[in-house]
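So that the names make sense, note that chain A is the first sequence line, chain B the second, and so on, each numbered from 1.
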Amino acid sequence: MSFKKTFNTLFRHYGPQDWWPGDSPFEIMVGAVLTQNTAWTNVEKAIVNLLENEALDAEVIVATKMEQLALWLKPSGYFNIKAKRLKNFCQWYLEQGAYEQLSTWPTRELRQALLSVNGVGPETADDMLLYAFDRPVFVIDAYTRRLFSRLGLIEGSETYEALRQSIESGLRRESQRLVLFNEYHALIVRHAKEYCKTTPRCEACCLNKKCKAFRC
DNA sequence: ACCCAGGGTCATA
DNA sequence: TATGACCATGGG
């Protein structure tokens, strides 16, 4: 079993996922903040609220009062904290010259800069790098950690950065790493949504050969 | 009535 | 560096 074989199994089973669900890089970045520890169905409702109020825009968000923004974000949970994080992020985003400027930065520096924004942690930053900026970084979320540790590919308690290095180097020989990383994270989330609804009680939910139909 | 979700920050030891 | 509290809605 390897990271690559696991990917092949998932891809064979589910096919291309066409991620991230969002129509623009900015929408993807907003979604990345809003989905922190939150079900995507709730995030969608918040994004619809922003769209209906013509507020899916960095300048509008910065100009919007905290109470108003929190009201729109309400369905996504943690709405007070997310209102702060979103305004904070948008402020920084505009200061740096928005997407046009940021997209010219080298990946390493862009990542460091994203991480320096309050409210943007490692996974949120990597979501943005991979799905909004098309950079080949491997995103690690709770599902990824759970799946790989059940498969015995990782120990499970590694730091985010250690895991990322280990997984990315495990796939170093792959051409098309951007496409691979894009699909891989999406496939893991798809698999989790489809078969892991009862986790963490479902101990056998994995890609083991014994687990033929991807069942728990 | 619980459990959990595509995390991150901050205070403490 | 490593835990723990906290944030909060909506679906199962």
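When the P atom is compared between dA5(C) and dC4(B), the two are found 16 Å apart, to the nearest whole Å. Between the P atoms of dG8(B) and dG10(C), the separation comes to 22 Å (whole Å).
dT3(C) is paired with dA11(B) under the Watson-Crick or G-U wobble criterion, all donor-acceptor distances under 3.5 Å.
Atom pair Lys193(A):NZ and dA5(B):P shows a separation of 12 Å (rounding to whole Å applied). Distance Leu71(A) CG to dA8(C) P: 13 Å, rounded to the nearest Å. Atom CG in Asn37(A) sits about 15 Å away from atom C1' in dG4(C), given to the nearest Å. Here the C1' atom of nucleotide dA8(C) and the CZ atom of Phe79(A) are 6 Å apart, to the nearest Å. Between Trp72(A) atom CH2 and dT9(C) atom P there is a gap of 19 Å when expressed in whole angstrom units. Spacing between atom NZ of Lys45(A) and atom C1' of dA8(C) amounts to 14 Å, rounded to whole angstrom units. Look at NZ on Lys82(A): it is 9 Å from P on dA8(C), rounded to the nearest Å. Nucleotide dC10(B) holds its P atom 9 Å from the CZ atom of Arg85(A), rounded to whole Å.
By the 4.5 Å heavy-atom criterion applied to side chains, Ile28(A) and Asp23(A) are not counted as neighbours.
If you look at Phe148(A) and Phe3(A), their ring centroids are closer than 6.0 Å. In summary, the aromatic rings of Tyr99(A) and Phe133(A) are positioned with their centroids under 6.0 Å apart.
When the nucleotides dC7(C), dA5(B), dT9(B) are ranked by their closest atom to the side chain of Tyr78(A), dC7(C) comes out on top. Of all nucleotides listed (dA8(C), dG11(C), dA5(B)), dA5(B) comes nearest to the side chain of Arg146(A).
Between Arg111(A) and Asp126(A), at least one side-chain N (NZ, or NE/NH1/NH2) sits under 4.0 Å from a carboxylate O, which counts as a salt bridge.
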Checklist entry - Which is it for Arg164(A) and Glu161(A) under the salt bridge (charged side-chain N to carboxylate O under 4.0 Å, His left out) test, yes or no, and what are the steps along the way? => result CA-CA 5 Å; Arg164(A) 198 167 71 85; Glu161(A) 204 52 30; 2.8 Å; yes

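Contact detail for Arg135(A) and Thr104(A): the closest heavy-atom pair is NH2-N, 4.5 Å.
At the heavy-atom level, Ser76(A) lies nowhere under 4.0 Å from the strands shown. Contacts of Asp127(A) with the nucleic acid, taken as non-hydrogen atoms under 4.0 Å apart, are absent. Across all strands shown, Val120(A) has heavy atoms under 4.0 Å from sugar-phosphate atoms exclusively, and none from any base.
In this model, the phosphate group of dA8(C) is not approached by any side-chain N or O of Asn42(A) to a distance below 4.0 Å at OP1 or OP2. When the side-chain nitrogen and oxygen atoms of Asn118(A) are compared with OP1 and OP2 of dG8(B), none of them lie within a distance under 4.0 Å. Proximity of Arg145(A) to the phosphate of dG7(B): no side-chain N or O atom is located under 4.0 Å from OP1 or OP2.
Contacts with DNA chain B (heavy atom under 4.0 Å) in residues 25-36 of chain A: Thr35(A), Gln36(A), listed by number.
Checked by atom type, the side-chain pair Thr38(A)/Lys82(A) shows a donor-acceptor distance below 3.5 Å.
Take the nearest nucleotide of DNA chain B for Tyr131(A) and for Gly119(A): the residue whose nucleotide is more 5' is Tyr131(A). Map Asp141(A) and Leu115(A) each onto its nearest nucleotide of DNA chain B; the residue landing nearer the 5' end is Asp141(A).
Ring orientation note: the planes of Tyr93(A) and Phe26(A) are tilted relative to one another, at an angle of 30° to 60°.
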